[in-house]
Amino acid sequence: MDLQHFDNPSGNQIRQLGNTPREYKVIASFTIDSNANDVITLRIRKWDNSSSTFITVLDQNRQVNSLVGGRDVAFFNININTELDKNDYIELQVANQSSTSNVTAEADSYYIVEER
């Protein structure tokens with residue numbers, strides 16, 4: 001993990017430590033396992049420290065594909081821009097919109113926050 005300008009205060013957060021740079025790109029590639037035909041939402045949200053609120057940067061919905069051999073997954077590929085000031089942070093959330101089935105991110109899933 002190369003956290004220049006950032007730290008990791010909690011499991012799914014990447015927090016901006018300074019004021020510059022402010023413009024960032026969030027790149028994410030997730031493969032989410034669940035039941036066939038479930039609708040999964042992957043949300044990227046930002047904690048805006050100056051207003052003490054969360055802002056949704058992006059909601060992306062995908063249907064779980066029924067693939068050969070019982071591997072039922074949804075693919076998420078994200079490339080979105082956002083601004084981060086000191087103590088703002090990026091957080092990812094995932095939800096199954098169509099059932100109570102569990103969702104699991106596969107091991108090679110990742111996200112990157114980089115300067116624009």
d(Glu23 CD, Arg116 CZ) to nearest 0.5 Å is 4.0 Å

Quick one: pull up CZ in Phe30 and CD1 in Ile78 and give me the separation to the nearest 0.5 Å.
8.0 Å

Are any non-hydrogen side-chain atoms of Asn35 and Asp72 less than 4.5 angstrom apart?
no

Atom CG of Leu58 and atom OG1 of Thr82: how far apart are they, to the nearest 0.5 Å?
10.5 Å

Relative to the ring of Trp47, is the ring of Tyr89 parallel (under 30°), tilted (30 to 60°) or perpendicular (over 60°)?
parallel

Which pairs pass side-chain hydrogen bond (donor to acceptor under 3.5 Å, both in side chains) with one or both residues in residues 103-112, sequence neighbours excluded?
Arg71-Glu106

Apply salt bridge (charged side-chain N to carboxylate O under 4.0 Å, His left out) to Lys86 and list each qualifying residue two or more places apart in sequence or on a separate chain.
none

Within-4.5 Å side-chain heavy-atom neighbours: Val57 and Arg45:
no

Checking Asp48 now: which residues fulfil salt bridge (charged side-chain N to carboxylate O under 4.0 Å, His left out) with it, not counting sequence neighbours?
none

Counterpart residues, salt bridge (charged side-chain N to carboxylate O under 4.0 Å, His left out), relative to Arg62 (two or more places apart)
none

Any residue meeting salt bridge (charged side-chain N to carboxylate O under 4.0 Å, His left out) with Arg22, in chain and number order, not counting sequence neighbours
Glu83, Asp85

With a 6.0 Å cut-off (strictly less than), is the heavy-atom count around CG of Asn81, excluding the residue itself, greater than 12?
yes

Kindly give the heavy-atom pair with the smallest separation between Ile40 and Phe76, and that separation in Å.
O-CZ, 3.6 Å

Within this structure, what is the CZ-CG distance for the pair Arg43 and Asp59, rounded to the nearest 0.5 Å?
4.0 Å

Atom pair CG/CG of Asn102 and Asp33 - distance to nearest 0.5 Å:
10.0 Å

From CA spacing to verdict: side chain to side chain donor-acceptor pair (under 3.5 Å), Gln63, Asp38
CA-CA 6 Å; Gln63 184 173 0; Asp38 282 354; over 6 Å; no

Does any N or O in the side chain of Asp88 come within less than 3.5 Å of the main-chain N or O of Asn49, such that one atom is a donor and the other an acceptor?
yes

Heavy atoms, side chains only, cut-off 4.5 Å: are Val94 and Thr41 in contact?
no

Counting distance only, does the side-chain N/O of Ser101 pair as donor-acceptor with the main-chain N or O of Ser34 below 3.5 Å?
no

So do Ile80 and Ile44 actually touch side chain to side chain, heavy atoms under 4.5 Å?
yes

Roughly how far, to the nearest 0.5 Å, is OG of Ser98 from CG of Asn37?
8.5 Å

Between Phe6 and Val113, the two heavy atoms sitting closest are CZ-CG1, 3.7 Å

Transitive ILVMFWY cluster of Leu67 at side-chain heavy atoms under 4.5 Å: who else is in it?
Val73, Phe75

